[in-house]
Amino acid sequence: QVQLVDSGGGSVEAGGSLRLACTASTYNYDSACMGWFRQAPGKGREGVALIERSRGAVYYAESVKGRFSIYRGDGANMVVLQMNSLQPEDSAMYYCAAGRRIEGRCRLLHNLYNFWGQGTQVTVSS
């Protein structure tokens, strides 16, 4: 079992920046991939960014490429999502998730992830 604790988030004006962090209780095969999904009211949960914890390979949704950056933080079990140039459409509840690699890579599909953080709200005003 893997416990995830996410932090950060908040409110910012369009064009601003926020940082999210997620700490896992352990590292194992079942949590080789870590990252964030988001869900806005009335919408499905979508993948934002993932990182392979051992190799550091990163994966981004097209909508955030060039604006968001995911990286390994202090300690072996922390990952960080730096969000720049935020737009109102980025407003959502952001959930940290951990799961296995599938066919050698991390996948931005929420149904592949078994471990979730409690979520943190990101609100971007225009």
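Scope of the values below: all heavy atoms of this structure, side chains included, with no hydrogens, waters or symmetry mates. What you are looking at is a predicted structure, and each value in this text was computed from that prediction instead of being measured.
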Assess whether side chain to side chain contact (heavy atoms under 4.5 Å, CB included) is satisfied between Phe68 and Asp90, documenting all intermediate values.
CA-CA 11 Å; Phe68 291 13; Asp90 294 314; 4.0 Å; yes
Decide side chain to side chain contact (heavy atoms under 4.5 Å, CB included) for Ile70 and Trp36; before the verdict, give the C-alpha distance in whole Å, the side-chain angles of both, and the deciding distance to 0.1 Å.
CA-CA 9 Å; Ile70 188 169; Trp36 279 267; 3.9 Å; yes
Start with the C-alpha gap between Leu108 and Leu50, add the side-chain angles, then the distance that decides, and say whether side chain to side chain contact (heavy atoms under 4.5 Å, CB included) holds.
CA-CA 7 Å; Leu108 286 164; Leu50 294 167; 3.6 Å; yes
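Checking side-chain atoms of Ser91 against main-chain N and O of Val124 turns up a donor-acceptor pair under 3.5 Å. Remark: the backbone N or O of Met83 is not paired with any side-chain donor or acceptor of Arg19 at under 3.5 angstrom.
Annotation: Asp74, atom CG; neighbour count of heavy atoms from other residues, nucleotides and ligands within 6.0 Å does not exceed 12.
Of all non-hydrogen atoms in Ser17 and Asn84, the two that sit nearest each other are OG-OD1, 2.9 Å. Between Arg38 and Ala92, the closest heavy-atom pair is CB-CB, 3.8 Å. When all heavy atoms are compared, the tightest approach of Ala98 to Tyr113 is C-CD2, 3.4 Å. Closest approach of Gln1 to Ser25, counting heavy atoms only: O-OG, 4.2 Å. Heavy atoms only, all atoms of each residue included: Ser125 and Pro88 are closest at C-CG, 4.4 Å. The shortest heavy-atom contact between Ala49 and Tyr60 is CB-CD2, 3.6 Å.
Defined by atom type and a distance below 3.5 Å, a donor-acceptor pair is present between the side-chain atoms of Arg53 and Asn77. Donor-acceptor pairing under 3.5 Å is lacking for the side chains of Thr120 and Asp6. Between the side chains of Tyr94 and Gln39, no donor N or O sits under 3.5 Å from an acceptor N or O.
At a threshold of 4.5 Å between side-chain heavy atoms, the hydrophobic network of Ile, Leu, Val, Met, Phe, Trp and Tyr places Met78 and Phe115 in two separate groups. At a threshold of 4.5 Å between side-chain heavy atoms, the hydrophobic network of Ile, Leu, Val, Met, Phe, Trp and Tyr places Trp116 and Val48 in two separate groups. Residue Leu112 is grouped with residue Tyr95 when hydrophobic side chains (ILVMFWY) are merged at heavy-atom distances under 4.5 angstrom, including chains of intermediate members. With hydrophobic clusters built from ILVMFWY side chains whose heavy atoms lie under 4.5 angstrom apart, Leu18 shares a cluster with Ile51. Met93 and Val122 sit in two unconnected hydrophobic clusters of ILVMFWY residues. Membership requires side-chain heavy atoms under 4.5 Å apart, directly or through other members.
Contact annotation: the side chain of Asp30 never approaches that of Asn114 to less than 4.5 Å [non-hydrogen atoms, C-beta and beyond]. Between Glu46 and Phe37 there is no side-chain heavy-atom pair separated by less than 4.5 Å.
Applying the disulfide bond (SG atoms under 2.5 Å apart) test to every pair with at least one member in residues 46-80, sequence neighbours left out, gives no pairs at all. Sorted by first and then second residue, the disulfide bond (SG atoms under 2.5 Å apart) pairs with a member in residues 18-94 read Cys22-Cys96, Cys33-Cys106; sequence neighbours excluded.
The distance from atom CD of Gln118 to atom CD of Gln3, rounded to the nearest 0.5 Å, is 12.0 Å. Met34 contributes atom CE, which lies 12.0 Å from atom CZ of Arg72 (distance to the nearest 0.5 angstrom).
Among Arg107, Arg101, Arg105, the one residue that satisfies the side chain to side chain contact (heavy atoms under 4.5 Å, CB included) test with Glu103 is Arg107.
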